[in-house]
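Chain identifiers are assigned alphabetically (A, B, ...) following the order of the sequence lines, protein sequences preceding nucleic acid strands; residue numbering begins at 1 within each chain. Everything numeric here is computed off the predicted structure, so don't read it as measured data.
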Amino acid sequence: MPELPEVETVRRGLLKIAKGRKIAAIDIHYEKTITNENIAWFKETLIGATIVNVDRRGKYLLFRFDNQMTMVSHLRMEGKYYNLPEDGEIHKHTHVVFHLDDDTKLCYSDSRKFGRMTLVKNDEALQVAGLKTIGPEPTAETLTVEYLQKIMHASRREIKPFLLDQSNVAGLGNIYVDEVLWMSKIHPKEHANLVSDEQIEQLRDNIIQELAVATEHHGTTVHSYTNAFGNAGEFQNHLHAYGNAGKPCERCGTPFKKIKVAQRGTTYCPHCQILTENEND
DNA sequence: CGGTCTGTTCTTCG
DNA sequence: TCGAAGAACAGACC
């Protein structure tokens, strides 16, 4: 389940093997991965084009080509890129294969078939659904205290679904939301507008730091698949809350509880993370 | 074997 | 206009 640190790790892996490479041929084994209406056009437009860069915005990868086109790729839960020699045997669940001009192939596999790719002109990339409404990148420059305070004051949503909403802040998913809420001592069901300005500042700092440190560790590996970019991560060894239900909180020793918040599995410390008003779980 | 669960985004409904 | 809930995706697991 790639979140920002994992997607950034994939981006760096892609740059190393694909930047400067020309697409020689494309095999598509599962057409729904490509959301363009015209699959033939998708292939024709990319064959002969050279990958000049791979950018990232939130959890979206943007492959930039020398023909002024951008392929937007979202991995959703299980999407993975990996690289093989041209004569290598592709893994199960491989839906798209880009044959490159250096006798290798860039493969996309996705056991759940949730991931999507779409090809658009460069200047239309930010109009793609999902990117059009995406919030600021979680960096010190782009995610300001003022911005976070403004949008949190204006929302009565529970903080967890609020932070999972990519239009508020880009890049957070289930794992890192549980982590930053634990670090910031905020209950996952706390309403955004009831969080104090001081706590918002803490939360903002924690989001920025947590994602940066996780990126340094190449993200969190949940299911490990060798040879796929972004699966060498070892940040799972640094998680405090996620996956620790029943184990003692590092700060106070109270066992972590696991509950549902907005239909999502949520781990939190019932002692450190307290609701300001109700005593509901 | 049937039900549940999984994460993310989009769509629908109130 | 907002937020909650459902839909969709497909497979792993009990």
Is A/Thr50 reaching over with its side chain to a backbone N or O of A/Val52, donor-acceptor style, under 3.5 angstrom?
no

Which pairs count as ring pair (Phe, Tyr, Trp, His ring centres under 6.0 Å) when at least one residue sits in residues 103-159 of chain A, sequence neighbours excluded?
A/Tyr81-A/Tyr108

In whole Å, what is the span from the CE atom of A/Met77 to the P atom of B/dC10?
16 Å

Reading nucleotides 9-14 of chain C from 5' to 3' and marking B where a protein heavy atom lies under 4.0 Å of the base, S where only the sugar-phosphate is that close, and - otherwise, the string is BBS---

A/Tyr242 side-chain proximity, nearest of B/dT8, B/dG7, B/dT6
B/dG7

Distance, rounded to the nearest Å, where A/Lys80 contributes NZ and B/dG7 contributes C1':
13 Å

Think A/His74 has a side-chain N or O under 4.0 angstrom from the OP1 or OP2 of B/dT9?
yes

Kindly indicate, with the supporting measurements, whether the criterion side-chain contact (heavy atoms from CB on, under 4.5 Å) is fulfilled by A/Glu137 and A/Leu143.
CA-CA 6 Å; A/Glu137 286 290 309; A/Leu143 180 61; over 6 Å; no

Just how far, in rounded Å, is P of C/dG6 from NZ of A/Lys260?
13 Å

Within 45° of the axis and under 6.0 Å from the centre of the six-membered ring of A/Phe98, does NZ or CZ of A/Lys105 qualify?
no

On DNA chain B, nearest-nucleotide positions of A/Gln166 versus A/Gly265: which is more 5'?
A/Gly265

Indicate yes or no: does A/Lys80 engage A/Asp110 in a salt bridge with an N to O separation below 4.0 Å.
no

Hey, are A/Lys150 and A/Glu146 close enough for a salt bridge, meaning a charged N less than 4.0 Å from a carboxylate O?
no

Figure out the NZ/P separation between A/Lys132 and B/dT11, and round it to whole Å.
11 Å

To the nearest angstrom, how far is A/Tyr60 atom OH from B/dT8 atom P?
11 Å

Side-chain donor-acceptor pair present, A/Arg64, A/Thr70, cut-off under 3.5 Å:
yes

Closer than 3.5 angstrom, by distance alone: can the side chain of A/Glu210 be matched with the main-chain N or O of A/Ile207 as a donor-acceptor pair?
no

Can you check nucleotides 3-5 of chain C for protein contacts, nitrogen or oxygen pairs under 3.5 Å, and list what you find?
from  : atom 1 : to       : atom 2 : distance (Å)
C/dG3 : OP1    : A/Ser155 : OG     : 3.2
C/dG3 : OP1    : A/Arg156 : N      : 3.4

Can you check the A/Leu75 CG to B/dT6 C1' distance for me, whole Å?
16 Å

Separation of B/dT8 atom P from A/Asp110 atom CG, nearest Å, is 13 Å

Between C1' of B/dC10 and CG of A/Asp165, the distance in whole Å
12 Å

Salt-bridge test for A/Asp55 and A/Arg11: reply yes if a basic N is under 4.0 Å from a carboxylate O, no otherwise.
no

